[in-house]
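Have a look at the structure below before the remarks.
Residue numbers count from 1 along this sequence. Here the structure is a predicted model, which means the values were calculated and not measured.
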Amino acid sequence: MKRYLSLLLLVVFAALQTSAQQRPMDAAQLQLALKKLNVVGSALYVAAHPDDENTALLAWWSNDRLYRTGYLALTRGDGGQNLIGDEKGELLGLIRTQELLAARRIDGAEQMFSRALDFGFSKNPEETLAIWGHDRILADVVWAIRKFQPDVIVTRFPTTGEGGHGHHTSSAILAVEAFKIAGDPTKFPEQLKYVTPWQPKRLFWNRFSWQQIDPNDPKVAKDVRIDLGTFNPLLGRAYTEIAAESRSQHKSQGFGSAERRGTTINYFAQLDGEPAAKDLFEGIDTTWSRYPGGEPLGKLLQQASDNFDPKAPEKSIPALLDAAELLDRLGARPEWSPKLHPWIDVKRNELNRVIAGCAGLAIDVSAAEASVIAGHDIKVSVSVINRSDYPFILQTVGSRDATPSVGVGKKLADNVPLKTDVTIHVPADAPISQPYWLRKPAMKGSFVVDDQELIGRPENPPALPLIITLVDDRMHTLFFTVPIVYRWTDPVRGELTREVDVVPDVVTNIANKVYLFPDAKPKQVVLRAKSYSGAGDAVVKLTVPQGWSVTPESVPVTFKQQGDEVRAMFTVTPPAAESEALAQAGVGQAPSPVPPSPVHSVTDIEYPHIPPQRVFGEGTAKLIRIDVKKKGTRIGYIMGSGDEVPEGLRQMGYEVNMLTDDDLERGNFAGYDAIVTGVRAYNTRKRLKLDTPKLLEWVKNGGTYVVQYNTTSGLLLESPGPYPFKITGDRVTVEEAPVTFLKPDHPLLVTPNKITQKDFEGWVQERGVYFTNDWDPKYETVISSHDPGESDKAGGELYTRYGKGVYVYTGYDWFRELPAGVPGAYRLFANLVSAK
Ligand SMILES: [Zn+2]
C-alpha cells in the first residue's frame, strides 16, 4: 500500500483542507454525514447578492437530499448599505462575504463568487452587463459550473425583469447562457487547463412572486413542487428553521429572519435541459454506480452507514479507512483525476471529517503570535488528541516551510493529547495576506484577479497551512491541512481564534482618508505608524505633490516593542488655487540616506458574528483644496445606522457633537447652528419618534435641521418633517445623471457657496436614494435629476422655512460623496447646514 502514499501526497496536499473552525460532529450529524458520503449528486443556486439565496432550499438540498450544494453569488454585496457600521464598498463586501460563509456553516452549502462588483443599484440588465463586462462574468459562471459540476442549476430570479434589480435579472440571464455553453470545449477554452467541459442536466427558476403563489394558477401547473418545510429528526429542526438561522447571519443588512414551521411549497419552473415532471433530479443517478468503477465504493460506504453505532462510532473507522483507500485508488486513475472529477477531493475531505468525528479526533494548532512578517519564523504548538481506542499514530506535523517536528511517530493513546512544537519559516517572498480580489485596483464593474484558480473562491487559501498526517498499523493514511491560528480568550466571548496573517514590517495609516482645505490655511495631518516587527528606530514621512508643501520633511520615531504604535504630526500647506492631490505615507530606516519608501495602511474589521478581517491599503489620503464657505460653527449629529458624514463636516471646519438619546430626551439644542441626522436615523434611532417635535420646535425658533435619507421599511415617522411628505423607493443610480437647477437663485444654490454644474462632477456610485413624493406645497424643491429614460425627479431634496428656521430632507448621496472626497459635495452640503 506504500506505493499509494507518494501519489497521494501529490493529490492531497493541493486539495484537502480541514478548517480548525469546523466543529466536531455529534452522533446525529455523523449519521447524516455517513449517508451523505454515498450521495454523488450536486446542485448549484445562482443569484446576484449576499441575501438573494433561498437558504431553505440550500438547507434541504444539503441535509435532506444530501447533495453537494453550492451558492454562486455573482457579487459580494459591495454596493449596499451597512446597518452595523460605517464600512462601505470593498470593506462592506468583505463583511458580506464572511456573513455568507457564516450562513453556509449553518445550512451546509458551499459558497462561490464571480469577479462581478456590486456597483450599486442598477435598473436594468443592459446597464449591469455593460458595466460588469458580459463576457468576463459569463466566463466566471461557466468556470463555476465546470469546477462544481452541478447536475441541476436553479436561479433565484427570472430573466424577464420581475426581480427588479438589474443585477438580479443579469444573474439569471448569465445562468441561462452559461448552461448552454459550459459543456462546449470551444467556449472559454483557456479554462480547460484546469477544468473539463461540463453539461448540467437541468436549469430551473425558483419561482417567486411578491404575492403568494396560487397553486391552481395555470402558470405554475407544470412547475416542480417541493415542500421545504419538512422536518429532519436527526437535526431536530425543519429546513425552514435552519434557513432562518442561516439568513439571520446577514447582519450588516439587518436581515434577521423569523423561523417558519409547517409546509412551505416552492415552485420550480424549468428553463432548460431534459424535461422533469415531479423532481428536479428526476432520472439522475446520484449513487456511486453512476461512475464506472464506483460501485464497490458505494457498497462499502453503505455498509459503514448501515453498521454505524451512535454509542460506539469508533467501530465504523476500519470500514471508513478502507473506503478512503478505495477512493484514493480511484483517484489515482487518469479518468478520475481531480481535474476531471471533483468528487475525489470532495469525498476524501468528507471522509476525513467523518473519521475524525468517529474517533473524537481534535487538532489544536496555536501560533505564538497573530501575525508574521515574510522571511521570519513563527513558533506553532500543535496538540492532537484521539478520543477512541483506534490505534492511530501521529506520523508528521509540518509543512513545506517547517522545521521537522518533534515527538511524532508516537501512538495516539485514547484521550491522551500528544503535543509537539514546530517552527515555520515564512518564505521571504510570501505575499501579505490581502484578500485576493483586492490585490489589484478594481475596474468599475469587476475585480481584477490574475490567477484563474483563485476565481470563484470565497476567500484566500490559508496563508500558512500546516499538514498533519495520521497512519494506522495497516498503513492507512489521513491528511489534515489546518490553517495556523492564533488563540486568545475574551472574558465575555470565551476562546477566540484568528488565522495568522502575513503582514509588512510597518504599516502607516494617515488619520483621515480625505483632507479638505476650504481656504489656503495649512492643516495638521497625523500619521500613525505601527511596527509588526519589533523594537527599532525609523523615520516617517509624508509626501505631497508639487504645489503643496509639508513640514517637517520627516519625523524620527522609535518603536519600543512589537505591535507598538507611534504618532507623527505634519503640517500641510495647500496651494492658493483649487487642486486635488494624493498624500503618500512612507517609512524608512533611521538614520538612512535612502529615501523612505511608501508603506501600506491597514484596516481591521471586527464583529462578533464573523472572523476578524484585515485589509491593507495604499497608505494614501486625498487632499482637496477648494473654496468652501460655511455659516455657523457647531453642529449636532444624530447618527443613524452609521456613516462618515461627521468627519466631512469637521473637515469643513465645524465642531461636531454626536447627540445621544439622553441629549434628545433633554431637548436642549441651544448652541447648535444646525442639527443633522445620519443616514437611516429615522429607521434606527427609536428616540426620534418621541423627540422629533422638540427638534421641530427648535427649528421654529431659528434652528436648521437637515435630515438625510431613510428607507421606507421600518420608518419611525411617516414624514419626519414639519409638513407631510412621502419617502419612496425612487432613486437616481447613474452617478453622472444630469442635475437641473429648478430655482437657480435659491439660497441652497447660492449661499454661502455659488453652486455650478461642476459641483456635480466626479460623484461616485449614484446620485441619491429614497427620494420623496406627495410633498406638501409648503416645501420647495431646488434641484432635480433622473436616470436615463425616466421622468425627472424633484423629490430628492425638500426645503422649507419653518418659523424662524429651516428644514431640509435630502436623499442625495452625501454619505458616499463626502468620504470619497468629491469636492462639489462639500460645497453643496455646506449650503444645506448653513441654510437660514
Ligand atoms: Zn439582491
Using a distance-only test with no angle check, is there a side-chain donor-acceptor pair under 3.5 angstrom linking His609 and Glu99?
yes
Beyond-backbone contact of Asp450 with Val448, side-chain heavy atoms, under 4.5 angstrom
yes
Can Phe815 and Tyr709 be said to form a side chain to side chain contact (heavy atoms under 4.5 Å, CB included), step by step?
CA-CA 9 Å; Phe815 77 107; Tyr709 94 82; 3.7 Å; yes
Return yes if some donor-acceptor pair links the side-chain N/O of Gln191 with the main-chain N/O of Ala139 below 3.5 Å, else return no.
yes
Asn54 and Asn266 side chains, donor-acceptor separation under 3.5 Å
yes
Cation-pi between Arg767 and Tyr812: NZ/CZ under 6.0 Å from ring centre and within 45° of the ring axis?
no
Ionic contact status for Arg156 with Asp52, cut-off 4.0 Å
no
Can any side-chain N or O of Gln249 pair as donor or acceptor with the backbone N or O of Leu101 at less than 3.5 Å?
no
So Glu245 and Arg247, salt bridge (charged side-chain N to carboxylate O under 4.0 Å, His left out) or not? Walk me through it.
CA-CA 6 Å; Glu245 190 191 345; Arg247 190 164 175 77; over 6 Å; no
Note: Arg261-Glu241 ion pair, threshold 4.0 Å (strictly below)
yes
Within the 4.5 Å heavy-atom criterion, are Tyr607 and Gln98 side-chain neighbours or not?
no
We want to know whether Arg439 and Gln434 form a side-chain donor-acceptor pair, criterion being a heavy-atom distance below 3.5 angstrom.
no
For the pair Arg353 (side chain) and Asn349 (backbone), establish whether a donor and an acceptor sit closer than 3.5 Å, ignoring hydrogens and angles.
no
How about Thr55 and Asp107: does a side-chain donor come under 3.5 Å of a side-chain acceptor?
no
Between Asn206 and Phe157, is any pair of side-chain heavy atoms under 4.5 Å apart?
no
Check this for me: does any side-chain nitrogen of one of Glu647 and Lys513 sit under 4.0 Å from a carboxylate oxygen of the other?
no
Can you measure from CD (Glu53) to CG (Leu72) and round to the nearest 0.5 angstrom?
11.5 Å
Assess the residue pair Lys123 and Phe121 against the criterion (side chain to side chain contact (heavy atoms under 4.5 Å, CB included)); give the C-alpha distance rounded to whole Å, side-chain angles, the decisive distance to 0.1 Å, and a yes or no.
CA-CA 7 Å; Lys123 288 179 178 167; Phe121 192 81; 3.7 Å; yes
Before you tell me yes or no, could you show the steps for Asp774 and Phe725 under side chain to side chain contact (heavy atoms under 4.5 Å, CB included), namely the whole-Å CA-CA distance, both residues' side-chain angles and the distance that decides it to 0.1 Å?
CA-CA 5 Å; Asp774 293 341; Phe725 62 85; over 6 Å; no
Establish, from distance only, whether the side-chain atoms of Asn232 and Asp64 form a donor-acceptor pair under 3.5 Å.
no
About how many Å separate CZ of Phe447 and CD1 of Ile455, when rounded to the nearest 0.5 Å?
12.5 Å
Tell me whether Arg68 is salt-bridged to Asp151, with the criterion being a basic N under 4.0 Å from an acidic carboxylate O.
no
Checking side-chain polar atoms at under 3.5 Å, does Glu259 have a donor or acceptor matched by the opposite partner on Thr240?
no
Could you give the distance from CG (Asp604) to CZ (Arg614), rounded to the nearest 0.5 Å?
4.5 Å
Checking the side chain of Thr677 only, and the main-chain atoms of Gln708 only, is there a donor and an acceptor separated by less than 3.5 Å?
yes
Flag the pair Glu459 and Arg457 as a salt bridge only when some basic side-chain nitrogen lies within less than 4.0 angstrom of an acidic carboxylate oxygen.
no
Got a donor-acceptor contact below 3.5 angstrom from the Ser246 side chain to the Ala103 backbone?
yes
Say you draw a straight line from CG of Asp501 to CZ of Arg498; how long is it, rounded to the nearest 0.5 Å?
5.5 Å
Okay, side chain of Thr159, backbone of Val176: is any donor-acceptor separation there less than 3.5 Å?
no
Check whether NZ of the Lys or CZ of the Arg Arg76 lies under 6.0 Å from the centre of the six-membered ring of Trp437 and within 45 degrees of that ring's axis.
yes
Compute both the distance and the angle, then confirm whether Arg731 meets the cation-pi test with Tyr770: under 6.0 Å from the six-membered ring centre, within 45 degrees of the axis.
yes
First locate atom OH of Tyr67, then atom CH2 of Trp61, and finally report the distance between them rounded to the nearest 0.5 Å.
9.5 Å
Determine, for Lys726 against Glu718, whether the closest basic-nitrogen to carboxylate-oxygen distance falls under 4.0 angstrom.
no
From Leu94 atom CG to Leu438 atom CG, the distance as rounded to the nearest 0.5 Å:
6.5 Å
Salt-bridge criterion met for Glu766 and Arg816 (N-O under 4.0 Å)
yes
Determine, for Arg207 against Glu162, whether the closest basic-nitrogen to carboxylate-oxygen distance falls under 4.0 angstrom.
no
Report the C-alpha distance between His165 and Ser122 in whole Å, list the side-chain angles of each, state the deciding distance to 0.1 Å, and finish with yes or no for side chain to side chain contact (heavy atoms under 4.5 Å, CB included).
CA-CA 6 Å; His165 200 318; Ser122 173; 4.2 Å; yes
Classify the side-chain pair Asp451/Tyr436 by whether it contains a donor and acceptor separated by less than 3.5 Å.
no
